[in-house]
Amino acid sequence: MAVDGAAPAVRTILHVDMDAFYASVEQRRRPELRGKPVIVGASGRRGVVAAASYEARAHGVFSAMPSLRAQQRCPQAVFIRGDHALYAEVSAGIMEIFGSFTPLVEPLSLDEAFLDVTGAARLHGDGPTIAHAIRSGVLEATGLSCSVGVAPNKFLAKLATEQGKPTASPTGPIPGAGVTVVRPGDELAFLRPLRVQALWGVGPRTLEKLQRIGVRTIRDLEAQPLAIVQRAVGDAAGLHLHRLARGIDDRPVVPDSAPKSIGHEETFLDDLHTHDRLQVELVRMADAVATRLRRNGRPGRTVTIKVRFGDFTTISRSATVDRPVDSGPSIVRAARDLLDRVDVSPGVRLLGVSVSNLVDAPPEQLRLDVDASGADADRPGEVAADGPAWTAVTEAIDAVRARFGDGSLVPAVLAGDRRGPKQRGEQQWGPSAVPNESDAT
């Protein structure tokens, strides 16, 4: 922001993206996989690809592709089920390296982040110098490579990163530039030759609308008057794209943003047709969501279920509870009431549970519907899932799990279930062909 008529300060923004992160971590863990096509994801008929090594990408395999199609394109690929805990551990070390250059780090995922290094020049050098230092530091600490874009804003930095990425080949990645710099004043020269699909928000439908007015490149879009662009794609989208085509992006790098919701969802290998079977999955997910809520110290007031049927029809149902919840039973109670009102007989392909409207953990308050023993007046014989008695229970559960692992205690309905408590990131890419399978070819 300008002060006393001075020109706005030019920011230096870095976008760092690990190269084929999940697949590269697996190749590092298992050196015999280096040089081979590796696909991380779920190998089942409903699985999707989480990441593909550059050897697999050379055969046309990409993230978010159905696993069956990936197997058809690259039958010799090694399929590995994702290990979210390992990736999170490696990511934490990488983020520490980023934080050694600037406190302004905004993680986008485990393998990607924005950094604002505007104020770090005196200590660490200019943007390109810092970018090269980060690449060297990550490689030395982890053995993994990354690509870095340097630009005056987030949008341009992310586009620049793509320009420096390795190229896929059957024998391994062909190194790219690694660091790509868009200097102040060069924004339009960098943008104009790119296809308009490079702009955030240009999907197939928007692209079709833009092509109707003769827009195929960013140069074409830049040349169009704002009114014509807005007439083609709508006022808000038109203004957004018009600004991006001119390299304008004022969004700040926001570190440590608190999550807005916490949830889990799971795609089943076969459709589930009964409430009884689904409620077992509901308990497992709610227990995991509650654990993460407590670890974040942020209970929530809104419980949501997501149900996707076999024909891909998807619905969601939400309920706002009287007081913030962070225990498994309290989440199950709200979610079960929502699920009971859904006809699941056609068959459920995916079920999800989440809690939103998060708040800072409030002080414990007395409830008039809970007696001194913690019993719930509305449900005789039950301990109130959000009362003081259950708070003591959850504290004990968390203490035991912290010492002996998450699998040391599970809800009674899950006793004997080989899967144990649901882990963060587990099954997020769909079911594997064989339960508990570590990898498949």
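All residue numbers in this chain count up from 1 along the given sequence.
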Any idea which heavy atoms bring [X] and [Y] closest together, and the distance?
| X | Y | value |
| --- | --- | --- |
| D220 | V215 | CB-CA, 3.7 Å |
| C146 | M18 | CB-SD, 3.5 Å |
| A168 | A58 | CB-N, 3.7 Å |
| P173 | P166 | CB-CB, 3.9 Å |
| V325 | L293 | O-CD1, 3.8 Å |

**Prompt:** Applying the side-chain contact (heavy atoms from CB on, under 4.5 Å) test to F98, which of L104, V117, L14, V138 qualifies?
**Reply:**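 Answer to the side-chain contact (heavy atoms from CB on, under 4.5 Å) test with F98 among L104, V117, L14, V138: V138.
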**Message:** Under the side-chain contact (heavy atoms from CB on, under 4.5 Å) test against V355, which residue among D326, I262, V303, T304 passes?
**Reply:**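 Passing option: V303.
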Using the salt bridge (charged side-chain N to carboxylate O under 4.0 Å, His left out) rule, collect all pairs that involve [range], keeping only residues at least two apart or in two chains.
| range | value |
| --- | --- |
| residues 340-349 | none |
| residues 124-144 | none |
| residues 161-181 | D17-K165, D19-K165 |

**Request:** Go through the structure and list residues passing ring pair (Phe, Tyr, Trp, His ring centres under 6.0 Å) with F101, not counting sequence neighbours.
**Result:**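 Ring pair (Phe, Tyr, Trp, His ring centres under 6.0 Å) list for F101, sorted by chain: H124.
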Please check if the side chain of [X] supplies one atom and the backbone of [Y] the other of a donor-acceptor pair under 3.5 Å.
| X | Y | answer |
| --- | --- | --- |
| E187 | G185 | yes |
| N296 | R292 | yes |
| K154 | P252 | yes |
| S330 | S327 | yes |
| S67 | V48 | yes |
| S354 | G263 | no |
| S91 | Y87 | no |
| R28 | T142 | yes |
| H59 | C74 | no |
| H275 | L339 | yes |

Salt bridge [X]-[Y], side-chain N to carboxylate O under 4.0 Å:
| X | Y | answer |
| --- | --- | --- |
| E265 | R308 | no |
| E208 | R212 | yes |
| R277 | D271 | no |

**Prompt:** Has R183 got more than 12 heavy atoms of other residues, nucleotides or ligands less than 6.0 Å from its CZ?
**Reply:** no
**Asked** Around E89, counting heavy atoms of other residues, nucleotides and ligands shown, do more than 12 lie under 6.0 Å from its CD?
**Response**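 No, the 6.0 Å shell around CD holds no more than 12 heavy atoms from other groups.
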**Request:** Decide side-chain hydrogen bond (donor to acceptor under 3.5 Å, both in side chains) for T118 and T12; before the verdict, give the C-alpha distance in whole Å, the side-chain angles of both, and the deciding distance to 0.1 Å.
**Result:** CA-CA 5 Å; T118 307; T12 303; 4.7 Å; no
Show me the donor-acceptor pairs, under 3.5 Å and distance only, between side chains in residues 233-247 and residues at least two apart or in other chains.
unit_1, atom_1, unit_2, atom_2, d
H240, NE2, W200, O, 3.0
H242, ND1, R246, NH1, 3.4
H242, NE2, Q224, O, 3.3
H242, NE2, R246, NH1, 3.1
H242, NE2, R246, NH2, 3.1
R243, NH2, D250, OD2, 2.9
R246, NH1, H242, O, 3.2
R246, NH2, E222, O, 2.6

**Request:** Starting from the C-alpha separation in whole Å, work towards a yes-or-no answer on side-chain contact (heavy atoms from CB on, under 4.5 Å) for E281 and L272.
**Result:** CA-CA 10 Å; E281 303 300 329; L272 302 183; 4.2 Å; yes
**Complete:** Residues pairing under ring-ring contact (aromatic ring centres under 6.0 Å, His included) where one sits in residues 283-309, two or more places apart or in two chains, turn out to be none
**Prompt:** Step by step, would you call H15 with T161 a side-chain hydrogen bond (donor to acceptor under 3.5 Å, both in side chains)?
**Reply:** CA-CA 7 Å; H15 174 257; T161 303; 2.7 Å; yes
**Item:** Step-by-step salt bridge (Lys or Arg N to Asp or Glu O under 4.0 Å) determination, D83 to R29
**Value:** CA-CA 11 Å; D83 186 344; R29 174 160 63 172; 3.1 Å; yes
